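All ligand and atom numbering here is 1-based and tracks the order in the structure. Remember, it's a predicted structure, so these values are computed and weren't measured experimentally.
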Amino acid sequence: MACRVQYSIQNGLRLFSSSSPNFHTSVKCQRTGLRNSKFFLSKGSLNCTCRASYATNAADPFVLTTPLYYVNAPPHMGSAYTTIAADAIARFQRLLGKEVIFITGTDEHGEKIASAAAANGSSPSEHCDIISEGYRALWKELDISYDKFIRTTDPNHEAIVKEFYSKVLAKGDIYRADYEGLYCVNCEEYKDEKELLDNNCCPVHLKPCLLRKEDNYFFALSKYQKQLEEILIENPDFVHPSFRLNEVQGWVKSGLRDFSISRASVSWGIPVPNDTKQTIYVWFDALLGYISALLEDNKQPSLQTAISSGWPASLHLIGKDILRFHAVYWPAMLMSAGISLPKKVFGHGFLTKDGMKMGKSLGNTLEPTELVHRFGPDAVRYFFLKEVEFGGDGDYSEDRFINIINANLANTIGNLLNRTLGLLRKNCQSTIMVDSAIAAEGNAFKDIVGNLVDKARQHYENLELSSACEAVLEIGNAGNVYIDEKAPWSLFKQGESGFETASKDLVIVLEAIRIVAIALSPITPSLSLRIYTQLGYSEDQFNAVSWSETRWGGLKPGHITAQPKPVFARIELETDLNNATSETKKASKKKERQKTEKVVEA
Ligand SMILES: Nc1ncnc2c1ncn2[C@@H]1O[C@H](COP(=O)(O)OP(=O)(O)OP(=O)(O)O)[C@@H](O)[C@H]1O
């Protein structure tokens, strides 16, 4: 099998622009270190023809990762945000028919964990078990379809970290030295004085950085300055969104400093090979989790076996707080170890509260479990993915949350389905009377739906999740306009003369909603399943659906839909209802009743 050396060979990157699809060069092979290997271009990647122990599968899986969350405290809405986004991307890729390996997990070593455990009167490992399980439980509540959950306290991970460390050491990129600087305990990194606020406060955690002097092992990041500059110029796709690429290029240009990769004072960690007085520090530990997660059960833990199970990652999804480590430190570390680089790093923005990053250290977090219990997983997923432009920051407000969810999911989509199925039941015994493809022949609405689905697909592919939601919602809006204009309830009243047109119109709207269900399923998987079930399909049929089925023409004559019942209940503000006088309560109940009657009558 060919040995992939994508992005990461020192001087091979220029070859991407070669006009020849197959050529021989004197580029150095990553694995063997030999020159004169044979290389060829395939699917945009530079591949080496030597027999590869670091080979990736021919049909590359789509490997995507969330950060490994630090178990210093339970998860919050910020941690959930990255994971929801990753899940939407994973589900979209699966709809496209890709084999997906979706990796998430927990980072469990370090000073803060040991102190948090001591504060609770538990051992570090007991503490990690509890918090890590909290992450898994939340992912279940949020319908997160991860494939691998890696914990950095896993013995297999430890073996990978040690092997990686030894490789980088053998390359001559690790040395021991004293270091003195201003250190933010919460970021767990030394800071440049120029990036700090007054009193040397960390701009993220608003706490003063401490002057620290350490005798540590260092990674020679500065050696990779030129190669990183080249990679960023020649692979602008490596960092997304593009404005974050500029940030990363700025950091690299301003000069890279070697960074410390061990701690003498921390015992809760993986010991440095050949120096058990020091433990390995976060980046040489947690980042390796992306590789060790790929290990298959019962296989010998080695870099070679892990890498051959799917590396390089297609996408690292992270918050902008850890962009530097993923887009600068990590590629340099991988180059040093002779391992391919990930294809893309996407740094999204922050969920904020009063303008400040929501985070465990500041304690200004929003409780995701509470939101899920009150509003359900679909509402939480949809709101944050649609309302926060992916890449930028976004603030949460409960009023906005309720308004958006009611308007988009309950009204535009849920109510459209419910009223159309109600009409079909009343007039056509819940039966699709005509092939949806024939019903929509020459119909402009069908073309509108087709264009919007294509748009949604493009947005998903470009990781523009908010725009993908918008495009799908537009189908719902167009469906509402269509049914209101056509008014099939009036046509049915005309008897036989209006029946054919009216029943065709119902099929057209239901077909559009079927397409909405698939196209929105990466964002709202449970709601999409409920829509599919209402349309008369089984759960197995829904689970087997692919993106190609967003093509118009799924509903066939004779197909029977289910008894209509609301797929998404409107959120009512309890406080509003409680505060209302009994008179206004009565009035609003009457209004609701009238609305329902209108829907049933329609
Ligand atoms: N406010 C937030 N908005 C968006 N994503 C966040 C937010 N907070 C955390 N994350 C996600 O979690 C990652 C950081 O994980 P970590 O476990 O360190 O959480 P944290 O709450 O930021 O911790 P701390 O407050 O101690 O820095 C970020 O890169 C991002 O993926």
Side-chain angles (χ1 to χ4, degrees), residues 64-89 103-113 115-116 127-128 131-132 134-135 138-139 142 144 146 150-152 183-189 191 201-207 209 239-241 244 247 281-283 285-287 289-290 315-327 329-330 345-368 371 380-381 383-385 387-396 463 465-466:
L64 86 161
T65 67
T66 70
L68 303 192
Y69 301 105
Y70 202 37
V71 294
N72 55 334
H76 58 88
M77 197 54 232
S79 356
Y81 178 63
T82 317
T83 316
I84 290 169
D87 188 61
I89 295 163
I103 297 170
T104 187
T106 42
D107 168 20
E108 305 191 355
H109 290 129
E111 200 173 336
K112 281 202 277 183
I113 306 301
S115 330
H127 169 89
C128 292
I131 305 280
S132 185
Y135 276 89
L138 178 61
W139 300 161
L142 282 164
I144 303 298
Y146 62 83
I150 179 74
R151 297 180 59 180
T152 57
Y183 186 82
C184 171
V185 179
N186 291 307
C187 292
E188 303 204 45
E189 64 166 336
K191 298 280 184 184
C201 275
C202 162
V204 179
H205 296 100
L206 305 180
K207 289 185 183 150
C209 295
V239 179
H240 268 261
R244 299 232 188 274
E247 248 171 80
Y281 179 60
V282 59
W283 306 115
D285 174 359
L287 289 169
Y290 299 144
L315 173 66
H316 288 319
L317 205 59
I318 52 162
K320 61 184 176 182
D321 51 335
I322 48 176
L323 182 63
R324 187 195 304 252
F325 310 112
H326 285 74
Y329 288 21
W330 183 223
V345 176
F346 189 105
H348 65 67
F350 288 152
L351 301 188
T352 55
K353 220 169 178 189
D354 306 320
M356 292 300 300
K357 173 190 179 250
M358 199 185 283
K360 290 180 290 220
S361 303
L362 284 183
N364 58 346
T365 55
L366 186 63
E367 181 43 65
L371 284 183
V380 176
R381 294 169 64 108
F383 175 79
F384 286 102
L385 295 183
E387 286 302 296
V388 181
E389 193 182 322
F390 203 47
D393 293 351
D395 226 52
Y396 169 81
L463 309 182
L465 300 176
S466 168

### Query
Should His348 be listed as contacting ligand 1, given a heavy-atom distance under 4.0 Å as the test?
yes
#### Entry: Donor + acceptor pair across side chains of Thr83, Tyr69 (<3.5 Å)
yes
### Query
Has His76 got any heavy atom lying under 4.0 angstrom from an atom of ligand 1?
yes
### Message
Checking a contact table here: which protein heavy atom is nearest atom 18 (O) of ligand 1, and how many Å away?
### Response
Tyr70 CB, 4.2 Å
### Query
Which bit of Thr82 gets closer than 4.0 Å to ligand 1, counting heavy atoms only: side chain, backbone, both or neither?
side chain
### Query
Would one find more than 12 heavy atoms of other residues, nucleotides or ligands at under 6.0 Å from atom CD of Glu389?
no
### Query
Has ligand 1 got any nitrogen or oxygen that is less than 3.5 angstrom from a nitrogen or oxygen of Gly78?
yes
### Task
Examine Phe350 against ligand 1 and note whether any of their N/O atoms are separated by less than 3.5 Å.
no
### Query
What's the shortest distance from atom 23 (O) of ligand 1 to any protein heavy atom, and which residue and atom give it?
Lys360 CE, 3.5 Å
### Query
Quick one: which of Trp283, Tyr290, Trp330 gives a ring pair (Phe, Tyr, Trp, His ring centres under 6.0 Å) with Phe325?
Trp283
### For the student: nearest non-hydrogen atoms of Pro75 and Ser79, plus distance
CA-OG, 3.6 Å
### Message
Any atom of ligand 1 sitting under 4.0 Å from a heavy atom of Pro75?
### Response
no
### Query
Should you measure from each heavy atom of Tyr69, which atoms of ligand 1 turn up under 4.0 Å away?
12 (O), 15 (O), 17 (O)
### Message
Under a 4.0 angstrom heavy-atom cut-off, which atoms of ligand 1 come close to Gly359?
### Response
21 (O), 25 (O)
### Task
Indicate the ring-plane relationship of His326 and His316, choosing parallel, tilted or perpendicular according to the 30° and 60° boundaries.
perpendicular
### Message
For ligand 1, which is the ligand I care about here, please tell me if Lys357 has any N or O atom under 3.5 Å from one of the ligand's N or O atoms.
### Response
yes
### Message
Counting non-hydrogen protein atoms only, what is the nearest one to atom 27 (O) of ligand 1? Give residue, atom name and distance.
### Response
His205 NE2, 3.0 Å
### Query
Under 4.0 Å from any heavy atom of Ile322, which atoms of ligand 1 are there?
29 (O)
### Summary
To atom 29 (O) of ligand 1, the nearest of Leu351, Asp321, Asn72 on a heavy-atom basis is Asp321
### Atoms in ligand 1 with a heavy atom of Met358 nearer than 4.0 Å
1 (N), 2 (C), 7 (C), 8 (N)
